[in-house]
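By convention here, the first residue in the shown sequence is residue 1. Computation of the quantities below employed the complete heavy-atom set of this structure, encompassing side-chain atoms and omitting hydrogens, waters and symmetry-equivalent molecules.
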Amino acid sequence: NPIAHSLFDELKTRIPLDSFGIARCPGEQVTLEEYVRVEATGIATVPSRDCPRICTLVRQASSDRVPHQVQDNEGSLLAIPLILFDEVIAVMFAEKNRGERFDETHLSMLEAVAPVVAASFKNAESFTALSKAKDEIYQIANHDTLTGLYNRRFLFDFFDSWRSGVIRNGQIAALFYLDLDRFKPINDRLGHKAGDRVLCHVANCLTGQFRESDICGRIGGDEFVVLSAIATPVESDLIRKKIHDSLALPLTIGAQELVVKASIGLALDKGNSASLEELLHIADTEMLANKHRRR
């Protein structure tokens with residue numbers, strides 16, 4: 001099944017899988033379409049008669065309509081029902097052979113993509129459906145679910161290639177580290193939904209101020225990072241002012257009008273050799289110093 005093959009290729013870059021597959025579920029009968037296994041020579045399929053352990057767990061997930069995981073001498077196996085229009089149409093399963101369990105992060109990612117996989121599986125002949133499933137996996141793995149900005153994982157994966165482009169263009173890589181001022185009192189006084197509104201407001205301000213070639217990310221609760229290519233160090237002062245000015249626009253939540261402020265730290269990669277971790281540390285240190293002065 002090309003759906004299983006393509007999804008396995010995409011998922012194994014995000015989750016440490018040894019195998020992946022999809023089983024049809026017509027009524028109470030479970031027909032294992034194929035069992036995809038990673039081997040030294042590539043990807044192979046195994047007939048369902050050779051997979052009684054998988055068939056048993058798939059039947060449980062299909063019947064109970066909830067994920068099931070089992071760990072035994074053969075490894076860890078996780079089965080997640082694919083539900084479409086309140087009907088279990090199939091079960092996808094993933095396996096680790098090294099004695100490790102799938103953790104909550106792995107389960108959450110697989111559960112998040114399950115509805116898209118279900119739609120793609122139902123329309124197996126549709127290239128658009130398959131592309132959507134792969135795009136959804138990419139979106140979940142690389143973006144913050146609340147704000148839509150890039151997440152910490154993406155920033156670390158992408159930084160080196162992004163900086164290479166900056167260097168080729170004769171520019172300087174600049175990292176801006178933002179930490180919101182007095183964000184906790186907003187959560188405490190107005191509630192977490194109001195806090196989420198503030199975070200999305202900040203994300204919109206950042207994406208509205210920066211170019212598509214710049215990278216805006218959320219790396220913590222109220223911590224944001226912007227990677228920008230600048231021509232000279234002086235340009236960083238102008239960018240910092242633009243960020244403060246854009247955040248100064250009032251945000252109305254219910255009867256409350258809020259003005260969001262942030263402390264900003266800066267790190268410039270003038271030598272074209274610093275790691276992202278080093279730049280984050282430099283910018284974080286300056287940000288904390290600026291926050292202390294603002295009090």
Side-chain angles (χ1 to χ4, degrees), residues 1-84 87-122 124 129-130 133-142 145 151-154 156-157:
N1 189 310
I3 290 286
H5 282 227
S6 298
L7 287 174
F8 178 74
D9 286 341
E10 186 70 21
L11 285 169
K12 71 179 180 180
T13 66
R14 314 295 177 188
I15 302 173
L17 302 177
D18 288 304
S19 58
F20 174 81
I22 297 175
R24 291 189 184 279
C25 301
E28 296 185 358
Q29 299 296 318
V30 175
T31 304
L32 193 60
E33 281 290 290
E34 59 183 7
Y35 176 63
V36 185
R37 175 181 292 141
V38 178
E39 297 177 344
T41 55
I43 298 176
T45 60
V46 179
S48 60
R49 63 177 179 273
D50 295 339
C51 310
R53 175 171 170 267
I54 291 176
C55 285
T56 298
L57 196 65
V58 163
R59 289 191 183 95
Q60 291 177 332
S62 175
S63 175
D64 298 341
R65 301 170 67 93
V66 296
H68 277 267
Q69 181 172 187
V70 64
Q71 185 174 25
D72 54 29
N73 293 334
E74 296 183 52
S76 293
L77 180 63
L78 176 64
I80 297 178
L82 301 181
I83 301 174
L84 192 65
E87 176 188 358
V88 178
I89 62 169
V91 172
M92 67 176 178
F93 56 91
E95 187 171 27
K96 290 184 179 183
N97 296 329
R98 295 183 292 270
E100 305 172 4
R101 287 185 65 85
F102 290 98
D103 60 28
E104 289 299 322
T105 300
H106 301 151
L107 176 59
S108 296
M109 182 179 294
L110 288 168
E111 285 186 306
V113 302
V116 183
V117 176
S120 299
F121 185 69
K122 196 72 172 180
L130 176 57
K134 296 180 70 173
D135 290 345
E136 187 72 12
I137 293 171
Y138 178 86
Q139 178 73 19
I140 292 169
N142 294 293
T145 55
N151 60 23
R152 186 182 187 91
R153 172 177 180 158
F154 175 86
F156 274 87
D157 287 346

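Between Leu77 and Leu57, the shortest heavy-atom contact is O-CD2, 3.4 Å. Residue Arg153 comes nearest to Ala141 through the heavy atom pair CD-O, 4.0 Å, listed as atom of the first residue, atom of the second, then distance. A pairwise comparison of heavy atoms in Leu82 and Ala114 identifies CD2-O, 3.6 Å as the closest pair. Nearest heavy-atom pair, Leu84 versus Ala118, reported as atom, atom and distance to 0.1 Å: CD2-O, 4.3 Å. Closest non-hydrogen pair, Val91 versus Pro81, comes out as CG2-CA, 4.1 Å. Here the shortest heavy-atom pairing between Arg53 and Gly75 reads NH2-O, 2.9 Å.
The CD1 atom of Ile140 lies 9.5 Å from the OG1 atom of Thr145; values are rounded to the nearest 0.5 Å. Here CZ of Phe93 is found 4.5 Å from CD1 of Ile54. Values are rounded to the nearest 0.5 Å. Distance check, rounded to the nearest 0.5 Å: CD of Glu111 to CG of Leu78 gives 8.0 Å. For the atom pair NE2 of His68 and CZ of Arg59, the computed distance is 13.5 Å after rounding to the nearest 0.5 Å. With rounding to the nearest 0.5 Å, the separation of CG in Asn142 from CG in Asn151 is 6.0 Å.
For Ser108 (side chain) and Glu104 (main-chain N/O), a donor-acceptor pair under 3.5 Å exists by modelled atom type. Formation of a donor-acceptor pair under 3.5 Å by the Asp103 side chain with backbone atoms of Thr105 is found in this model.
Side-chain contact check for Val113 versus Met92: some heavy-atom pair is nearer than 4.5 Å. Side chains of His106 and Lys96 form a contact here, defined as non-hydrogen atoms less than 4.5 Å apart.
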